[in-house]
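Data block below; observations after.
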2 protein chains.
Amino acid sequence: MGVTKMSLHTTEQIEIAEIAKVLAHPARVAILQYISKQEGCICNDIVDEVGLAQPTISQHLQVIRKAGLLKGTFEGRNLCYCLDVDRFKELQKTFTSFFNTTSASCC
Amino acid sequence: MGVTKMSLHTTEQIEIAEIAKVLAHPARVAILQYISKQEGCICNDIVDEVGLAQPTISQHLQVIRKAGLLKGTFEGRNLCYCLDVDRFKELQKTFTSFFNTTSASCC
DNA sequence: AAGTAATATTGCAATATTACGATGAATAAT
DNA sequence: ATTATTCATCGTAATATTGCAATATTACTT
């Protein structure tokens, strides 16, 4: 079916899965790394950097944006994409908490 | 196409994406949480716990197993699934490192 | 041996994701 | 004004994911 049965899961589980989905593609990981590296807040050199077609990058950016991780400001005709650090740290917290809670074992 | 162009990305980016993919479904998050919670190393009450059909759970377990996160030992006809804590901590380290490296911003 | 319980595997339908060419909208440059 | 540049969106093809019924497999129980 390809449809996730959301009703079965807790809000926390869904939230973790949502975050993970953003990171679940190397291109998006690359984009996040690149954006955070660029001090000058340079925009779509991302296309050159990552090596995928512009519409594809745009699509990936949308996924990142929908997760609240992107801040974009126009500078002339250039769009300057930046990481929303606050949101990013929020996600990190959620993940860290998951990893710390989920670690006991039995065998 | 639905095919990820792996050649474009670094090993680290691919690794992070692989890990994230495991966590990118609430059912798998639920399974990991449940497994780690069960001291007695109880097996497929997972089906009851998570609420999906047995083949579906089995499929999700396979994804988790392929990521090296699952240790399974047979106890009679019961299969006892446990978290591979070492591997889990490895993943945690990779993630933590990613989050810590990727945090600077510009605007 | 026959029946039952626990898992895995197979096959398939529905949907989601990934990638890109074509196109569109906005702005800068000429 | 015309053209070029930057980015988003649309449409579409290829592939992946999710979910389950049916079936297979294995091992315990009787």
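Heavy-atom basis, side chains included; hydrogens, waters and symmetry copies ignored. First the proteins, then the strands, lettered A, B, ... as listed; each starts at 1.
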Taking it one step at a time, do N100(B) and Q92(A) satisfy side chain to side chain contact (heavy atoms under 4.5 Å, CB included)?
CA-CA 9 Å; N100(B) 288 335; Q92(A) 177 170 22; 3.1 Å; yes

Ignoring backbone atoms, test whether H60(A) places a side-chain nitrogen or oxygen under 4.0 Å from the OP1 or OP2 oxygen of dT17(C).
no

Is the backbone N or O of Q33(A) less than 3.5 Å from a side-chain atom of S36(A), with the two atoms forming a donor-acceptor pair by type?
yes

Whole angstrom value for the distance that separates C1' of dT18(C) from CD1 of I64(A)
14 Å

What integer distance in Å separates I46(B):CD1 from dT7(C):C1'?
11 Å

Nucleotide-resolved protein contact map, nucleotides 2-9 of chain D, B/S/- at heavy-atom distance under 4.0 Å:
--BBSBBB

Look at the rings of H25(B) and H9(A) and say which category their plane angle falls in: under 30° parallel, 30 to 60° tilted, over 60° perpendicular.
perpendicular

Check: L70(A) main-chain N/O paired with R65(A) side-chain donor or acceptor under 3.5 Å:
no

Between dA16(D) atom P and K21(A) atom NZ, what is the distance in whole Å?
18 Å

Between P on dT18(D) and CG on L8(A), what's the gap in Å once rounded to a whole number?
14 Å

To the nearest angstrom, how far is M6(A) atom CE from dT15(C) atom P?
15 Å

Where the side chain of A53(B) is defined as all heavy atoms beyond and including C-beta, which of dC20(D), dT18(D), dA19(C) is the nearest nucleotide?
dC20(D)

Begin with the C-alpha distance, continue with both residues' side-chain angles, and end with the deciding distance and a verdict on salt bridge (charged side-chain N to carboxylate O under 4.0 Å, His left out) for E90(B) and R87(B).
CA-CA 5 Å; E90(B) 234 177 86; R87(B) 176 71 177 143; 3.1 Å; yes

For the pair F88(B) and F98(A), name the ring-plane relationship: parallel under 30°, tilted 30 to 60°, perpendicular over 60°.
perpendicular

